[in-house]
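What you see below is based on every heavy atom in this structure, not just the backbone, and it leaves out hydrogens, waters and symmetry mates. A, B, ... follow the sequence lines: proteins, then strands. Residue 1 opens every chain.
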Number of protein chains: 2
Amino acid sequence: MVELSTTRDGVANQAEASDRVLQILAEAGRLFATKGFDGTSMRDIAVACGISKSLLYHHFSNKDEIYARVAVGSTLELYLFVRDRIPDGPPSERIRAFMVATAEYFRRYRWAWIASTTAFWNDPDRHRQKERMTRRDRFENFLRGLIQEAIDAGEIRNVDVPMTGRLILSSLNWMHRWYNPNKSATPEQIADIFFDMVFNGLRNDGSAGLPPTVETPKSPRRKAR
Amino acid sequence: MVELSTTRDGVANQAEASDRVLQILAEAGRLFATKGFDGTSMRDIAVACGISKSLLYHHFSNKDEIYARVAVGSTLELYLFVRDRIPDGPPSERIRAFMVATAEYFRRYRWAWIASTTAFWNDPDRHRQKERMTRRDRFENFLRGLIQEAIDAGEIRNVDVPMTGRLILSSLNWMHRWYNPNKSATPEQIADIFFDMVFNGLRNDGSAGLPPTVETPKSPRRKAR
DNA sequence: GTTTTCGCCTACCAATCGGTCAAGCCCGCT
DNA sequence: AGCGGGCTTGACCGATTGGTAGGCGAAAAC
């Protein structure tokens with residue numbers, strides 16, 4: 001149902017775009033994500049693409065449009081992307097699927113995701129900001145619906161639904177700040193780990209694990225950063 | 001031990017600074033936080049303070065120094081701030097105290113916190129960035145130490161320590177994106193709720209709560225955003 | 001074979017950027 | 001009264017910003 005072209009590096013939803021346009025969007029996304037909207041000049045984008053600055057204006061009307069195509073264009077269908085990846089089943093498993101699907105989206109459209117979230121507060125276009133807020137709310141409300149289902153089904157405690165949603169989304173939204181695609185696990189695996197921690201809790205209820213007196217084994221726990 | 005002056009609006013660690021300097025730091029912090037470093041011009045800061053642009057250069061050598069005083073100066077002692085607020089007691093309670101103290105720091109130095117975290121990737125000063133990384137690592141390693149203690153004491157399961165730390169820090173670090181000081185609970189209360197969710201887990205183990213067949217009551221669950 | 005179209009570039013623009021400078025204002029000290 | 005010095009200013013600087021004008025060259029359309 002949801003069709004996402006992946007012709008070039010994490011640039012989604014850019015149907016019928018030429019290779020050059022896709023290249024510009026990819027480079028611009030990477031720059032916007034790492035240096036911010038205001039920190040990225042049109043010259044930066046042009047140099048990164050190996051083209052002249054004027055050519056950017058041949059393909060896009062202005063800087064704002066490039067950003068819009070990167071941020072809004074690529075994040076257009078996050079809600080649909082996630083929704084279509086949630087199977088039937090117990091609500092808690094649907095929450096897990098929600099988290100894994102969101103992580104997959106993050107992995108696939110990483111630069112656009114970061115560019116979109118880092119410039120969230122100071123989007124120059126008020127209308128676009130509102131539209132993005134609307135989509136974000138729809139996405140968040142969808143998660144809250146799943147949580148409520150899980151409560152109604154008795155799978156999870158009668159917790160504060162919005163707050164629970166925020167906890168879950170925090171774990172996913174903060175990932176771009178520490179995730180390293182070269183090391184560690186995949187975003188999907190990380191999401192799965194986070195779900196396990198949040199759902200089952202950290203508390204040792206004595207059902208498993210070593211007795212506390214035993215020295216913790218020298219497992220490969222040193223790794224990581 | 002740790003002395004944090006609070007003479008003006010969330011501007012910490014600026015001993016022996018004149019009112020004017022404190023005003024500049026406060027306004028600059030708010031602007032850096034909302035519009036970013038590159039999105040904030042010296043003129044913006046001057047106008048916000050109701051002074052001339054030149055006066056900024058009388059009190060600070062350049063834009064970078066203002067940012068440094070806001071971001072680094074105010075976040076200088078996060079580690080000490082938190083450490084000194086963690087009581088003796090069971091490791092799990094120390095983790096809770098860690099979260100609550102971090103939330104308190106966020107509440108007190110909110111703009112500086114946001115300005116510091118949003119501009120994290122593209123700090124113009126390499127040396128300062130490195131120093132900030134070092135402090136961040138020390139802060140994070142401190143939390144990991146607490147988690148390891150809790151595991152050794154058998155209070156929490158034998159989870160992946162770095163990943164657990166990231167989950168906890170995510171819930172705190174993402175707060176600035178949705179927290180509204182006018183509504184909702186205090187950051188400290190929110191941190192406490194998050195600790196409860198993560199520590200005890202969301203899963204309904206049947207020890208409490210309503211039976212699943214009963215319709216969930218029309219509690220004040222609509223509220224919030 | 002000519003014309004149109006499209007991708008692309010060099011040269012340039014006004015506006016704004018961070019930053020400088022010399023001179024005024026205003027205060028307490030002598 | 002005079003004077004010294006910190007606070008404050010408007011005018012100005014070169015560099016960089018987003019954006020524009022006009023032309024070149026090849027390929028497609030006629």
**Q** With sequence neighbours excluded, what pairs up with B:Tyr179 under the ring pair (Phe, Tyr, Trp, His ring centres under 6.0 Å) test?
**A** B:Phe106
**Q** Heavy atoms of chain B, cut-off under 4.0 Å: which first and last nucleotide of DNA chain C, 5' to 3', fall inside that, if you could look?
**A**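 Reading along DNA chain C, I get C:dC17 to C:dC21.
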**Q** A:Glu65 has an atom CD; how far is it from atom P of D:dG18, in whole Å?
**A** 15 Å
**Q** Quick one: sort the B:Phe98 and B:Phe142 rings into parallel, tilted or perpendicular, breaks at 30° and 60°.
**A** tilted
**Q** I'd like to check the salt bridge (Lys or Arg N to Asp or Glu O under 4.0 Å) partners of A:Arg30; sequence neighbours left out, ordered by chain and number.
**A**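 For A:Arg30 the salt bridge (Lys or Arg N to Asp or Glu O under 4.0 Å) partners, ignoring immediate neighbours, are A:Glu27.
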**Q** Can you list the residues that meet the side-chain contact (heavy atoms from CB on, under 4.5 Å) rule with B:Ile193, with sequence neighbours excluded?
**A**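 With neighbours one apart ignored, the set is A:Met163, B:Met197.
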**Q** With A:Glu93, which residues qualify under salt bridge (Lys or Arg N to Asp or Glu O under 4.0 Å), at least two apart?
**A** A:Arg96
**Q** Where does the angle between the aromatic ring planes of B:Trp113 and B:Tyr105 fall among parallel (under 30°), tilted (30 to 60°) and perpendicular (over 60°)?
**A** tilted
**Q** Could you tell me how far apart A:Lys63 (NZ) and D:dT17 (P) are, to the nearest whole angstrom?
**A**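 Computing the A:Lys63:NZ to D:dT17:P distance gives 9 Å.
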**Q** Determine, for A:Phe32 and A:Lys63, whether the Lys NZ or Arg CZ falls below 6.0 Å from the six-membered ring centre while staying within 45 degrees of the axis.
**A**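 Judged by the rule (NZ or CZ under 6.0 Å from the ring centre, within 45° of its axis), A:Lys63 is not positioned above A:Phe32.
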**Q** Could you list the residues that satisfy salt bridge (Lys or Arg N to Asp or Glu O under 4.0 Å) with A:Arg107, not counting sequence neighbours?
**A** A:Glu188
**Q** Dump the pairs, protein N or O against N or O of nucleotides 13-15 of chain D, anything under 3.5 Å, distances to one decimal.
**A**
none

**Q** Would you indicate whether the side-chain heavy atoms of A:Ile168 and A:Leu143 approach each other to under 4.5 Å?
**A**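 Sidechains of A:Ile168 and A:Leu143: in contact.
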**Q** Side-chain donor-acceptor pairs under 3.5 Å in residues 46-56 of chain A, sequence neighbours left out?
**A**
| from | atom 1 | to | atom 2 | distance (Å) |
| --- | --- | --- | --- | --- |
| A:Ser52 | OG | A:Leu55 | N | 3.4 |

**Q** What residues form a side-chain contact (heavy atoms from CB on, under 4.5 Å) with A:Asn180, not counting sequence neighbours?
**A**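 Residues passing side-chain contact (heavy atoms from CB on, under 4.5 Å) with A:Asn180: A:Asn182, A:Lys183.
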**Q** Which residues in residues 47-62 of chain A have at least one heavy atom lying under 4.0 Å from any atom of DNA chain D?
**A**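 Per residue number, the list reads A:Lys53, A:Ser54, A:Tyr57, A:Asn62.
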**Q** Can you pull every protein N or O that's under 3.5 Å from an N or O on nucleotides 24-28 of chain D?
**A**
none

**Q** Please check if the distance between the ring centroids of A:Phe139 and A:Phe81 is under 6.0 Å.
**A** no
**Q** Considering residues at least two apart in sequence or located in another chain, which fulfil the side-chain contact (heavy atoms from CB on, under 4.5 Å) criterion with A:Ser171?
**A** A:Met99, A:Phe194, B:Leu167
